[in-house]
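Reviewing the structure listed below.
Index from 1, following the sequence.
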Amino acid sequence: MEELKYCYKYPHPSVTTDCVIFGFDGSRLSVLLIERGIEPYKGCWAFPGGFINMDEPANEGALRELREETGLETAYIRQFHTFSAPDRDPRERVITIAYYALVRLSEVKAGDDAAKAQWFPLDDVPALAFDHDLILRRAAAELRRQIHFEPIGFELLPEKFTMTQLQRLYEAILSVEFDRRNFSNKMLKLGILNQLEETLALRNRKKAFLYSFNPERYNQMKEKGFRLEF
């Protein structure tokens with residue numbers, strides 16, 4: 001590494017990234033946790049993350065840690081907060097830049113650095129290491145806020161999905177229940193869905209139309225100041 005031209009007398013805190021990974025199983029929102037194999041908090045559950053290398057931006061560090069600990073090569077990630085309480089890490093002064101990621105459950109596998117990775121329903125998460133309980137609360141609140149402005153929910157669904165799957169996802173994120181017909185009418189009226197010719201076989205020989213997300217239409221609406229209200 002090239003020698004630095006300046007030295008500062010101020011102490012340098014360490015910087016990490018932590019990533020809250022959300023997944024959806026069709027009915028419940030879940031979060032992916034890693035069991036720590038070293039101290040501090042050995043044996044406790046925590047988010048995938050680690051120290052940023054000196055030669056990488058924070059977002060690249062977050063994606064690298066995701067790849068190493070979960071096997072994810074690509075993911076939708078969004079930075080949502082920086083946590084800097086002086087005593088948040090018992091080892092030294094550590095500032096963490098927090099992201100949340102939205103992934104399909106089928107895309108995650110154990111990475112090289114993960115001794116144990118497990119999905120937990122959002123309403124049944126164990127006590128977490130460090131200040132990760134606080135990070136989770138902030139991430140969930142940001143997810144609920146952003147769903148009104150961004151098509152983030154579609155990252156959690158298959159490329160082709162039913163209206164019922166979409167409704168259950170939004171209900172899981174917002175912790176509400178929608179009337180089936182009203183929800184369907186609202187989503188179709190927005191024009192951000194493409195109704196496909198394919199159908200999905202249901203019970204009692206019924207069939208449900210499959211849909212896909214229309215990003216072009218969504219971007220057009222967003223440019224006009226679109227906000228998704230329920």
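- Between the side chain of Arg144 and the backbone N or O of Ala139, no donor-acceptor pair lies under 3.5 Å.
- Using cut-offs of 30° and 60° for the angle between ring planes, the Trp45 and Phe120 rings count as perpendicular.
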| request: Applying side-chain contact (heavy atoms from CB on, under 4.5 Å), run through Leu210 and Glu197 and close with a yes or a no. | output: CA-CA 7 Å; Leu210 288 172; Glu197 295 182 0; over 6 Å; no
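- With 3.5 Å as the limit, one finds no donor-acceptor pair spanning the side chains of Glu216 and Gln220.
- Aromatic ring orientation, Tyr100 versus Phe80: tilted (interplanar angle from 30° to 60°).
- At least one donor-acceptor pair closer than 3.5 Å links the side chain of Gln167 to the backbone N or O of Phe178.
- Residues Ile135 and Val94 are members of separate hydrophobic clusters, defined by side-chain heavy-atom contacts under 4.5 angstrom among Ile, Leu, Val, Met, Phe, Trp and Tyr.
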| task | Start with the C-alpha gap between His81 and Phe83, add the side-chain angles, then the distance that decides, and say whether ring pair (Phe, Tyr, Trp, His ring centres under 6.0 Å) holds. | result | CA-CA 7 Å; His81 196 69; Phe83 295 85; 4.6 Å; yes
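- Electrostatic pairing of Arg91 and Asp89 counts as a salt bridge here, judged by a charged N lying under 4.0 Å from a carboxylate O.
- Under a hydrophobic clustering in which Ile, Leu, Val, Met, Phe, Trp and Tyr are joined whenever their side-chain heavy atoms come within less than 4.5 Å, directly or via other members, Phe51 and Ile95 fall into different clusters.
- Taking the side chain to side chain donor-acceptor pair (under 3.5 Å) definition, one finds that Lys160 meets it with Glu198, sequence neighbours left out.
- Annotation: Tyr218 is not in aromatic contact with Phe154 [ring centroid separation under 6.0 Å not met].
- Using modelled atom types and a 3.5 Å distance limit, the side chains of Glu92 and Ser14 yield a donor-acceptor pair.
- In this structure, the separation between OG1 on Thr82 and CD1 on Ile97 is 5.0 Å, given to the nearest 0.5 Å.
- Using the six-membered ring where Trp is involved, Phe209 and Tyr211 have ring planes that are perpendicular, over 60° apart on the 30 and 60° scheme.
- For the atom pair CG of Asn53 and CD of Glu65, the computed distance is 8.0 Å after rounding to the nearest 0.5 Å.
- Distance alone, capped at 3.5 Å, places no donor-acceptor pair between the Arg180 side chain and the Ser184 backbone.
- How far CD of Gln146 is from CG of Leu102: 10.0 Å, rounded to the nearest 0.5 Å.
- Paired with Phe47 under the rule side chain to side chain contact (heavy atoms under 4.5 Å, CB included), one option of Ile34, Ile21, Leu128 passes, and it is Leu128.
- Once rounded to the nearest 0.5 Å, the distance linking OG1 of Thr96 with CG of Asp18 reads 3.5 Å.
- Counting heavy-atom neighbours within 6.0 Å of Glu39 CD, excluding the residue itself, gives a total above 12.
- In terms of the side chain to side chain donor-acceptor pair (under 3.5 Å) criterion, Arg137 has no residue partners (sequence neighbours excluded).
- The hydrophobic clustering, which links ILVMFWY residues whose side-chain heavy atoms are closer than 4.5 Å, places Phe149 and Tyr99 apart.
- Looking only at distances, a side-chain donor or acceptor of Asp25 sits under 3.5 Å from a matching main-chain atom of Arg28.
- The pair Glu142-Arg145 meets the salt-bridge criterion, since a charged nitrogen lies less than 4.0 angstrom from a carboxylate oxygen.
- Residues Leu33 and Ile38 fall into different hydrophobic clusters, defined by Ile, Leu, Val, Met, Phe, Trp and Tyr side chains chained together at heavy-atom separations under 4.5 Å.
- A donor-acceptor pair under 3.5 Å is formed between the side chain of Gln165 and the backbone N or O of Thr162.
- Of all heavy-atom pairs spanning Ala101 and Leu66, the tightest one is CB-CD1, 4.4 Å.
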| query | Are Tyr41 and Phe130 close enough, and set up right, to give a ring pair (Phe, Tyr, Trp, His ring centres under 6.0 Å), and what steps lead you there? | reply | CA-CA 8 Å; Tyr41 298 104; Phe130 304 104; 4.8 Å; yes
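- In this structure, Asn214 contributes its side chain and Arg217 its backbone to a donor-acceptor pair below 3.5 Å.
- Atom CG of Asn59 is separated from atom CZ of Arg64 by 11.5 Å, given to the nearest 0.5 angstrom.
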